[in-house]
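Here the structure is laid out as structure tokens; the discussion comes afterwards.
All heavy atoms count here, side chains included; hydrogens, waters and symmetry mates do not.
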Amino acid sequence: MTLRILLLMLCAVSTLQAQTSISGVVQDASGNPLEGAFVRVRSADLGLTFMVVSQGQGRYTTPSLLPGRYTVEAIGGDHESAVEGPLELRGGHPEKRNVQLTVGRKPSSPRKRLMQAEHAARMPDGPAKQLILSKCVSCHTLDGAIDTRTLRVEASRNQWEEVMGTHKHYMEDLPQPLTSEEVGMIVDYMSKYFSEETATEEPRRDGGAHPDPNGHLPMTLAKGAESKFIVMEFNLRPSAFPHDISVDSHGVAWIAEHGQNEAGVDDHGVHGILKQGIGLFSSIDPETMKYSQFAPPKGEYPSRVSGAAVDPHGVVWVADNSHNARMISYNPNTGEFRTYPMPAPPRLKEYDEFGFGDGSANMNTLTFQDGFVWGSGLLAGEVYRLDPASGGVVTYPFPKGKPPYGLAFDQHKMLWVSLEFADEIAKLDTTTGKQTYYKVKTPHADLRHVQTDAEGNLWASAQQSGKLIRVDGRTGEVTEYAPPTENNGILSVDVDRKHNLIWVAEAEADKMARFDPRTNTFTEYPLPSPRTGIKRIAIDPNRPNRVWWCATASNRAGYVEVVE
């Protein structure tokens, strides 16, 4: 247990009355009150950040904070303040701190989409270059696609081997599959030119290792609906690699911590995995900020948990994305774990030597209907239905080239499935097995998660196209909506059925956004930190104005809450 986690657990023992807050006035450089500035309050010791917006007369107030040391800073329009503090907060004693925006801001260069010719020009020559430009673009289109989706920096050669080992099996079902020799060539090429082990001068999307901490925040003051929110950000354990998040009926967030391998150079100078990633269940109680971790039952291989989902009875489920090939449930009331083996298609039984990615367990989404647990087997090309009472498993295969990713049931018990690489969304009648397909309008969409609204319409997130997609549940009409921020990388979606509002994660823009289908308008809410990299979002079922998120690359989780 790390010192920070122990500190948080000790703080959580305090009563809510012991919590306190920080308030004050934001002023412009002339000393006038400033409305619509972002105020960020952060405790490095606790790994905890809140961001609010100054309201009338420039006043701001944070939510209740745990005792500890905090810094305060404000960012508004083309100016920002110096970092104030640290302030020592003691339980029950609110603090006041005014902040003045005296430092000028430089506008960040807009993120641009590179065309294929531009990508080709910046890629070093090598045998694998043409492979990437001819085969990898069948999914990772380079004509206007987000420039980091293919040419991104990985931590080590081992991670490139893992990534390409997985993609080899994705591509077996596509028109231009990769051979084992071609996979090796791409691993060699990417490890040489796009790895932190072999630092190159290739441009990175963030412009360097230390981006402007405020560069992702707008250069204009927040107004109207976009000023009525708070956001919490929490640092998880190192190498948590959170993959999915869900929220129970008590408002507690449950996270599937995938576990990230620690790579480096051993005593003999050999690059490799120095420590296997540890997959865990974890939870965050927003009232006390208690961060808890739960180790699943040991398997033959290190667990690789994904797909966190809370069922109607409050039981937390994950898929173990390793050769262990199993689903795992955890009952928070009893502390009981249960495991359920998942059958693997023969061709995927032993596809990589690291013990990761067994096809049957490579499930990106779990959902529930009629007492069954449903999972999307992305590499297996099947949807799985588990009966927890008997342990029996039924599979629903999809055609080659149409691997299932996101899952959601509508009010008629039809299962909607996003087909990541096929630019299609399927509606599956689980009684008859009939599949009905709906083509999205923008090609190379990279479809991810889906959710249904109270009227039976389907909503899908498309990372490559950056579109929110709607399929009318009655007519099948497909409509696409683009948020105000370009190059946003929409990666996850959830629906507030109480208010008929759609939430999306703009992963590449470090924002959350809420879409109102009645007016076809988006409201965007920036996160406190750049390069957050949101992976998954989940609405609090009893507090739908609060939407949780987890971020794989930055090892963070938190929530955005609209204050209306």
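- Residues forming a side chain to side chain contact (heavy atoms under 4.5 Å, CB included) with Ser329 (at least two apart in sequence, or on another chain): Val315, Trp317, Arg338, Tyr340.
- Residues satisfying the ring-ring contact (aromatic ring centres under 6.0 Å, His included) criterion with Trp416, sequence neighbours excluded, are Tyr438.
- For the pair Lys511 and Phe522, the cation does not sit on the ring face, since its NZ or CZ is not both under 6.0 Å from the ring centre and inside 45° of the axis.
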| request: Applying ring pair (Phe, Tyr, Trp, His ring centres under 6.0 Å), run through Phe234 and Trp548 and close with a yes or a no. | output: CA-CA 11 Å; Phe234 185 84; Trp548 284 82; 9.1 Å; no

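- The closest donor-acceptor contact from the side chain of Asp410 to the backbone of Gly456 lies at 3.5 Å or more, if one exists at all.
- Partners of Asp387 by side chain to side chain contact (heavy atoms under 4.5 Å, CB included), not counting sequence neighbours, listed by chain and number: Phe372, Ala389, Ser390.
- Between Phe50 and Tyr559, the angle of the ring planes goes over 60°, which puts this pair in the perpendicular group of the 30/60° scheme.
- A donor-acceptor contact shorter than 3.5 Å links the side chain of Tyr291 to the backbone of Arg237.
- Below 30°, between 30° and 60°, or above 60°: for His243 and His258 the angle between ring planes is between 30° and 60°, a tilted geometry.
- A salt bridge between Lys290 and Asp285 is absent, with no side-chain N of the basic residue lying under 4.0 Å from a carboxylate O of the acidic one.
- For the pair Phe515 and Pro517, the tightest heavy-atom approach, listed with the atom from each and the gap, is O-CD, 3.4 Å.
- Ring geometry for Tyr437 against Phe398 counts as perpendicular: the plane angle is over 60°, on a 0 to 90° scale with 30° as the lower cut.
- When side chains are defined from C-beta on, Asn542 counts as touching Ser249, because their heavy atoms get closer than 4.5 Å.
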